[in-house]
2 protein chains.
Amino acid sequence: MARRGTSDDLPANGAPVSMADLARELGVSTTTISRALSDHHSIGPATKQKVLKLAKKLNYQPNHLAAALRRGQSRLLGVVVPYIEGRFFASVVHGIEQAATKAGYSVIICQSSEDVVQERRNIDTLLGAQVAGLLVSLARGTHDFRHFDKVRKRGTPLVFFDRTPAAEAVNAVVLNDRAGGYISTQHLLAQGCQRVAHIAGPPHMTIYQGRRQGYLDALADAGRPADAALVVDADMTQEDGERAMRALLALPAPPDAVFAAGDSALLGALQVLKAAGRRVPADVALAGFSNEGFTLITEPRLTSVDQHCEEMGQAAVRMLLELVADPGRASAQRQVVLQPELMVRESSLRGPAGA
Amino acid sequence: MARRGTSDDLPANGAPVSMADLARELGVSTTTISRALSDHHSIGPATKQKVLKLAKKLNYQPNHLAAALRRGQSRLLGVVVPYIEGRFFASVVHGIEQAATKAGYSVIICQSSEDVVQERRNIDTLLGAQVAGLLVSLARGTHDFRHFDKVRKRGTPLVFFDRTPAAEAVNAVVLNDRAGGYISTQHLLAQGCQRVAHIAGPPHMTIYQGRRQGYLDALADAGRPADAALVVDADMTQEDGERAMRALLALPAPPDAVFAAGDSALLGALQVLKAAGRRVPADVALAGFSNEGFTLITEPRLTSVDQHCEEMGQAAVRMLLELVADPGRASAQRQVVLQPELMVRESSLRGPAGA
DNA sequence: TTGTACGCGTTATCAA
DNA sequence: TTGATAACGCGTACAA
């Protein structure tokens, strides 16, 4: 491949135009080109216009790789999520993309598949890609956080969202899960339910701790005793929900309402109730968490807590970019807490509007 | 920030270890280091071991940015999808990630939100990030393909998947949509349905052309006349499905089966049928396309065509990496066609197993 | 306001 | 088998 000479010839083939090409063409230095393109102050308006015009004409495209190497900092953000199917993470990722793109950053997304080992690999991959910052939502099984020490040691800004390490001082954007559990339970009580059960998530995860606490607080504030038998630990799959619901139905005094910490589990519960001939919401009222798309498809439609997913993604990017811009502040922990919103549907409505 | 001197001191702070550091420490040249690390042939086994050992000890991490700049080629793949919610694209992306990671590449994902303008921006962003190759599934409204000329001119390998440009010679991984339409329709006919309707997608998109053709072929092969009134054009949202189904019900001779080119549209159809008091599948049998998660939630559950999404993603990456490795072959168009699979469920079963 | 010179970390080429 | 040297494209002290 013949490289072009030192005189004023231009890349004839599809080869990208560099600053040096522009400089040669205009008979100025690359410094001048650089300054014109990056809106530097010490540059004459005339030269600047000339450069910009030629850049446009020759369709100059900056080489971000070179700039990144120079600055020791790419324009890439790394994202690690447990998975991407379902409404919640897909929407958060969408929010992240929007905010990042607007700020001139691109986004690399990795899925840990709820696996700590994969999560570690993801982190390595992303650090290897020289990302400017990291956005992470933990895998279910992550108890050991040593892989994040690398990140801190390296000085790469790090923001957690939704699923954060318990009892660690970190930068994070989270939902007020406690409030979500509270309003759901309160709503079920307001519908006249006497025995509200809770299908709870893995106790070591902060989000499920919050939802559980909100449930308990709502009962307490309403002057109802908390019955330990009405709280069932489960993972949050549909099958777990089925198991949990069967256990609740087998109680001497079964519940007349269920608040599940996840919609998939609630879906399982609904199907068990239907199979058992219980009417929803007349016999058992239901409320879930995440406002998944399928809550509008079931019969009856499911009441659920919306988490404002896209906002969460945007807020996380905003926080991350502040840290990127000002690495000095990276040590001071920051938290943003978003408020949940209850979407009331037929599965919990016992009033005249009930099914 | 004091930079370390030229003698044998090492980065004390969190600064990354470079090849130069290793070279200094061992008293060899960076060339040797490079060769040892990249498994080059002309290197002594002894030196190689020494280098690898020290690299491990000092936790050397290669700077991909620098390598990419030097080679003019990053280890990033760019992906453009219309959206990421729902089973199909989420799974394809998962397949892409798996295959890419295994080959040592990372993936940048962009959503066009079914918008050509955004799609163009995505392409620019990805080219700007110096991706080694591009994987694209077109937005619904993309008729003009000029933004891909840039890609070709630049020599960046490009593979389309699922939604490809009509009548353009391109590299692509697609489903045999015609076969999908065929087996669905054939199945409905085999269930004894007499008047099979089709809710068809936008006629300019290749995937919907295929599904429509498969439907027509199955009718023809069964010796049934095609009734133009039974084919309704629609977009593929739930609302479009509802509208289409209402139109079909209003016919003088309504259908007793519907094959929809997308599951969301089929969901809309199902709801209209239920509201109209029609029994599914007894009065009207249903079959859809994409095997979305919610096909297992509806009552009855929906028969649908599975597209082997993850395989599609993996196949696309495989093809792309072949082009990356051998840019000479980039001009010869290649196509991979995957076979669909019909998932039969209650919505189409009229036999003894029917609802 | 403009230009010169150098370095970011890696790899390809050529010479020893 | 190893090393010296240059180059990838950009940005920035420093000098003019």
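Every chain is numbered from 1 and lettered A, B, ... according to where its sequence line falls, protein lines coming before strand lines.
Counting to the nearest Å, the P atom of dA7(D) and the CD atom of Gln73(B) are 22 Å from each other. The distance between atom CZ of Arg24(A) and atom P of dG3(C), rounded to the nearest whole Å, is 15 Å. Leu69(A) places its CG atom 14 Å from the P atom of dG7(C), with the value rounded to the nearest Å. Summarising the geometry, the separation between CG on Leu22(B) and P on dG9(C) is reported as 12 Å, rounded to the nearest angstrom. Atom pair Gln130(B):CD and dC8(D):C1' shows a separation of 11 Å (rounding to whole Å applied). The distance from atom CD1 of Ile33(A) to atom P of dT1(C) is 17 Å, rounded to the nearest whole Å.
The pair Arg152(A)-Asp149(A) meets the salt-bridge criterion, with a side-chain N (NZ, NE, NH1 or NH2) lying under 4.0 Å from an Asp/Glu carboxylate O. With salt bridges taken as basic N to acidic carboxylate O contacts below 4.0 Å, one links Asp21(A) and Arg24(A).
With a 4.5 Å cut-off on side-chain heavy atoms, Phe89(A) and Gln111(A) do not count as touching.
Residues Phe160(B) and Phe145(B) place their aromatic rings such that the two centres sit no closer than 6.0 Å.
Here Thr32(A) lies in heavy-atom contact (under 4.0 Å) with sugar-phosphate atoms only. Among the atoms of the strands shown, only primed sugar atoms or phosphate atoms (P, OP1, OP2) are found under 4.0 Å from some heavy atom of Gly44(A). Heavy atoms of Ile43(A) sit under 4.0 angstrom from primed sugar atoms or phosphate atoms, though from no base atom.
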**Request:** Scan nucleotides 10-16 of chain C nucleotide by nucleotide, 5' to 3', and note B when protein non-hydrogen atoms come under 4.0 Å of the base, S if they reach only the sugar-phosphate, - if neither.
**Result:** BBB----
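Listed by first then second residue, pairs satisfying salt bridge (charged side-chain N to carboxylate O under 4.0 Å, His left out) with a partner in residues 127-141 of chain A read Glu114(A)-Arg140(A), Arg140(A)-Asp235(A), not counting sequence neighbours.
Phosphate contact (OP1/OP2 of dT4(C), side-chain N/O of Ser29(A), threshold under 4.0 Å): absent. Checking the phosphate oxygens (OP1, OP2) of dT1(C), no side-chain nitrogen or oxygen of Thr47(A) falls inside 4.0 Å.
For the side chain to side chain contact (heavy atoms under 4.5 Å, CB included) test with Val79(B), the passing option among Ile84(B), Leu134(B), Ile96(B) is Ile96(B); the others fail.
Defined by atom type and a distance below 3.5 Å, a donor-acceptor pair is missing between the side-chain atoms of His64(A) and Gln130(B).
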